[in-house]
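Please read the structure below before turning to the comments.
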Amino acid sequence: MLNHNFRQLRIRVDSVELTKAIYQFTQKCPGEHKFGLSSQLYRAAVSIPSNIAEGSARKTNKDFSHFLTMSLGSAFELETQMIVAQLCAIVPEYDYQNLIQRIQVLQKQISAFIDSLQ
């Protein structure tokens, strides 16, 4: 039996919504970035809810925390890629500010959830 139903975890729901927003953003990126930075952004974003879901199937909180830590790492990877996209003028300022804020909120949520499992 699962200790945590990933479908009901706020961090999973929020991370899926963020992934959708990142996907929509990457669809607006210029074609020359589709297989470079856009692909990296999307893969990092998808990794966040994927690790939450995979970790929720583990039998111990320690194992679940390990996957949440990987999810948090992907969130920081995503933030870094957004910074690079902004510095390279790939992302409009409004999109950048909105997405960075959502990423940072999610990072805090995941960190707090990890702490709650200790």
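Residues: numbered from 1 along the sequence shown.
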Applying side-chain hydrogen bond (donor to acceptor under 3.5 Å, both in side chains), can you list everything that pairs with [X], at least two apart in sequence or on another chain?
| X | answer |
| --- | --- |
| N98 | none |
| D95 | K28 |
| Q97 | E93 |
| E79 | Q104, Q107 |

Inset, instruction - Determine whether S50 and F6 make a side-chain contact, defined as any pair of heavy atoms from C-beta on separated by less than 4.5 Å. - result: no
Legend entry - Student check: side-chain heavy atoms of I48 and L72 closer than 4.5 Å: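 I48 vs L72: side chains apart.
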Legend entry - Linked, directly or transitively: V84 and M82 (ILVMFWY side chains, under 4.5 Å):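 Cluster IDs for V84 and M82 match.
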Suppose we screen for side-chain contact (heavy atoms from CB on, under 4.5 Å). Which residues come up paired with [X], at least two apart in sequence or across chains?
| X | value |
| --- | --- |
| A85 | L37, I90, V91 |
| Q118 | S65, I114 |
| T19 | Y42, A45, V46, P49 |

In Å and rounded to the nearest 0.5 Å, what is the [atom1] to [atom2] distance from [X] to [Y]?
| X | Y | atom1 | atom2 | answer |
| --- | --- | --- | --- | --- |
| S38 | Y23 | OG | OH | 11.0 Å |
| Q109 | L68 | CD | CG | 12.0 Å |
| L78 | S15 | CG | OG | 11.0 Å |
| L99 | L18 | CG | CG | 7.0 Å |
| Q27 | Q24 | CD | CD | 9.0 Å |
| C88 | I83 | SG | CD1 | 12.0 Å |

Inset, instruction - Check the side chains of S74 and S47 for a donor-acceptor pair under 3.5 angstrom, ignoring hydrogens and angles. - result: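 S74 and S47 do have a side-chain donor-acceptor pair below 3.5 Å.
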Inset, instruction - Sequence neighbours left out, what pairs pass ring pair (Phe, Tyr, Trp, His ring centres under 6.0 Å) with at least one residue falling in residues 68-111? - result: none
Inset, instruction - Please name all residues satisfying salt bridge (charged side-chain N to carboxylate O under 4.0 Å, His left out) with E54, sequence neighbours left out, ordered by chain then number. - result: R58
Inset, instruction - Not counting sequence neighbours, list each pair that qualifies as a salt bridge (Lys or Arg N to Asp or Glu O under 4.0 Å) and has a residue in residues 96-118. - result: none
Inset, instruction - Only pairs at least two apart or in different chains count here, so list each salt bridge (Lys or Arg N to Asp or Glu O under 4.0 Å) that has a residue in residues 61-78. - result: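 Sorted pair list comes back empty.
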Inset, instruction - Share the residues that join F67 in a hydrophobic cluster, the rule being Ile, Leu, Val, Met, Phe, Trp or Tyr side chains under 4.5 Å apart at the heavy-atom level. - result: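 Its cluster partners, ordered by chain and number, are M70.
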Inset, instruction - For S39 and G36, indicate whether the former's side chain and the latter's backbone hold a donor-acceptor pair under 3.5 Å. - result: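 Such a contact is absent between S39 side chain and G36 backbone.
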Inset, instruction - Please report the shortest heavy-atom distance between I11 and F113, naming the atom on each side. - result: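 Heavy atoms only, the tightest pair is CD1-CD2, 3.9 Å.
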